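Have a look at the structure below, then the notes.
Numbered from 1 within each chain, the chains take letters A, B, ... in sequence-line order. This structure is a prediction, so every number in the text was calculated from the model and none was measured.
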Amino acid sequence: MKSEAQTQEWTTQRERGALPVIKACVWVALRLGRRTARLFLYPVCLYFLLSSPAASAASRGYLARVLGRPAGQRDVFRHFLTFASCVLDRVFLLNEQRGWFDITVHNEALVQEIEAQGRGCMLFGAHFGSFEVARAVGRQREHLPISLLMYEENAQKIRAALAAINPNLATEVIGLGRLDSLIAVAERLQRGHFIGVLADRNVDGRDLVRYPFLGGEASFPKGPFRVAMLLQRPVVMMAGLYRGGRTYDVRFELLAEAPAARPADPEAWIDDVMRRYVTRLEAYCREAPFNWFNFYDFWA
Amino acid sequence: MSISNTTQTTEEAELARLIVETLNLEVTAESIDPETPIYGEGLGLDSIDMLEIALVVSQRYGVKLRADDENNVQIFQSLRSLNRFIQDHRGA
C-alpha cells in the first residue's frame, strides 16, 4: 500500500543518519550541559528544514490540519525544534539527570493503583511528545518497570541507541520479531511490568483500521489493542507533552479497565478502545500541536 | 513427502480445529498440512497469533508455553511439533 511504502521510506531515511547523530548529541550534551547543547539545535533544525523537503511537507500538512490555517516556514521550524528538543532531552532523562527539567505528573494515582494490583498494564503512547519523560518518572519515583514493545527493526535500532546513551537500559526493549515476543510480554505483565507501546504508527501494514483523525481519516494498528484484550489488562494512555523551555507535562489516563473475562464481542471491545485512543490523541494534538512526531503523510 | 506424513492424526486434527476456531482462520482445519510451518511463511501467522495459541493451549490442555524456552522455534514449527510438545507435557 501507499502508506506502507512511505512509512518504510521514512524509516530508511532516518536509519541512514540516526546513530552518528545520536552519538554526537550524547557527547556534546553530556559535556556541555543542556543549556549549551540546546544552542546546537537551531542550526541542526535549519539544516533539516532546508534539506528534508518531504519531512517539511508532512509537517506543513499536519500543522495546517491541527492549527486550522496554512502553516509557514516558521511553524515548520518550530515543529522540528520541538522534536529535536525532545530527542536531546532523552539523553539527560536516560542518564538520570532529571534536575534539568520541570516535570508535572498528572493522575499519578492511576499508576500507583495499577502498580499496587501487581498485574501490570498496557501503556499506550504515540510518536507524540516524550515517552521517555514518563519512563524517567517511573524509574526514579516508583522504580516502576516499564518495558517497551516495538517492531523488531526499530527495536534493534533503539537498543543500539540506548546502549550508546546508557548501557543499562537496552534490556527494557522487547522486539516483535520473535514468535514468542508476546508470550514474553504476558510473562512480564505477570510480574507487574507496564508494557509501553507507541500505538499510533504501523510499519508492516497488517491489521489496520481507519478512524477519523484531525479532519481526515488515518490508519491505526489493531495489534496493541488486541494484545490488551487477550491478556485482559487495563489500557492506560500516556503522553509526555513538551511545553517549551524546561517544562514537561506527563499525563496518564485510563482508556479501558481490564476486561474481567474475554469480552463476548472482542472486536467491539477493540474498536471501542481504539476509538477512545484516537479521540484522546486528537485532543493532545490540539492541546500541544508541535508535539506530533510523525513526519510523513499520516493520512495516506 | 509420503501420504502418511501429510495426514493429521486424531490429536493433530483436534489441535488444528482449536487453532482455526481460535484465530478465525479462513482455511479449514482438515486442510492444514501437519508439517507446514505455523509462524510466518506457511500459515502466515504472527506473534500475536502465537500468543493466542499459547493462551488457548494452556486453557485446553493445561500446558504452559514459556517465552524463555529455547526450543520455541522447534515447538511452533508445525502443527505436528506443537502437538508433540502438548502430548509430552499434558498432565505432567
Side-chain angles (χ1 to χ4, degrees), chain A residues 119-120 122 147 149-155 171 173-191 193 195 197 199 202-209 220-233 258-259 261-270 274, chain B residues 15-27 32-86 88-89:
Chain A
R119 295 185 69 238
M122 300 300 288
S147 303
L149 181 63
M150 55 184 72
Y151 291 97
E152 187 61 34
E153 201 189 318
N154 293 343
T171 55
V173 177
I174 311 173
L176 268 174
R178 297 168 52 100
L179 66 88
D180 51 10
S181 298
L182 287 164
I183 301 175
V185 166
E187 289 169 3
R188 287 193 191 206
L189 282 166
Q190 221 121 45
R191 298 201 296 269
H193 283 215
I195 306 293
V197 185
N202 78 84
V203 170
D204 59 2
R206 286 186 63 156
D207 250 352
L208 301 177
V209 195
F220 292 86
K222 213 196 249 188
F225 298 86
R226 167 166 250 106
V227 171
M229 184 274 294
L230 288 170
L231 295 174
Q232 298 172 10
R233 289 307 199 277
R262 184 73 67 87
D265 186 346
E267 293 305 316
W269 189 89
I270 290 170
M274 284 186 83
Chain B
L15 180 60
R17 276 196 299 277
L18 184 66
I19 290 173
V20 167
E21 231 171 78
T22 306
L23 300 178
N24 265 323
L25 298 185
E26 278 164 16
V27 297
I32 296 176
D33 178 340
E35 303 277 0
T36 294
I38 306 179
Y39 177 70
E41 302 297 310
L43 280 186
L45 303 183
D46 62 17
S47 52
I48 300 185
D49 297 320
M50 296 302 111
L51 170 66
E52 285 210 55
I53 292 176
L55 291 171
V56 78
V57 161
S58 143
Q59 198 180 29
R60 178 70 60 93
Y61 300 97
V63 175
K64 271 231 154 0
L65 293 146
R66 305 192 50 87
D68 53 15
D69 194 325
E70 285 166 13
N71 299 319
N72 275 342
V73 173
Q74 275 98 55
I75 295 169
F76 282 96
Q77 193 163 45
S78 65
L79 182 66
R80 181 147 291 161
S81 60
L82 180 61
N83 181 63
R84 199 178 304 130
F85 179 84
I86 292 170
D88 286 353
H89 292 80

| task | Ignoring hydrogens and angles, tell me if any N or O in the side chain of A:Ser181 forms a donor-acceptor pair with the backbone of A:Gly175 under 3.5 Å. | result | yes
| task | Under 4.5 Å heavy-atom distance to chain B, tell me which part of A:Ala184 shows up: side chain, backbone, both or neither. | result | both
| said: Applying the side-chain contact (heavy atoms from CB on, under 4.5 Å) criterion to B:Leu15, which one of B:Val56, B:Asn83, B:Val20 satisfies it? | reply: B:Asn83
| request: Identify whether the distance between the nearest side-chain nitrogen and carboxylate oxygen of B:Lys64 and A:Glu187 falls below 4.0 Å. | output: no
| field | chain A interface, residue from B:Leu51, B:Leu65, B:Leu45, B:Val73 that has the most non-hydrogen pairs under 4.5 Å | value | B:Leu51
| said: Looking at chain B, which one of A:Leu176, A:Asp180, A:Leu179 has the largest number of heavy-atom pairs inside 4.5 Å, strictly under? | reply: A:Leu179
| Looking at A:Met274 and A:Phe220, what are the two nearest heavy atoms and their distance? | CE-O, 3.6 Å
| message | Taking side chain as everything from C-beta outward and backbone as N, CA, C, O, which of these in B:Ile48 sits under 4.5 Å from a heavy atom of chain A? Side chain, backbone, both or neither. | response | both
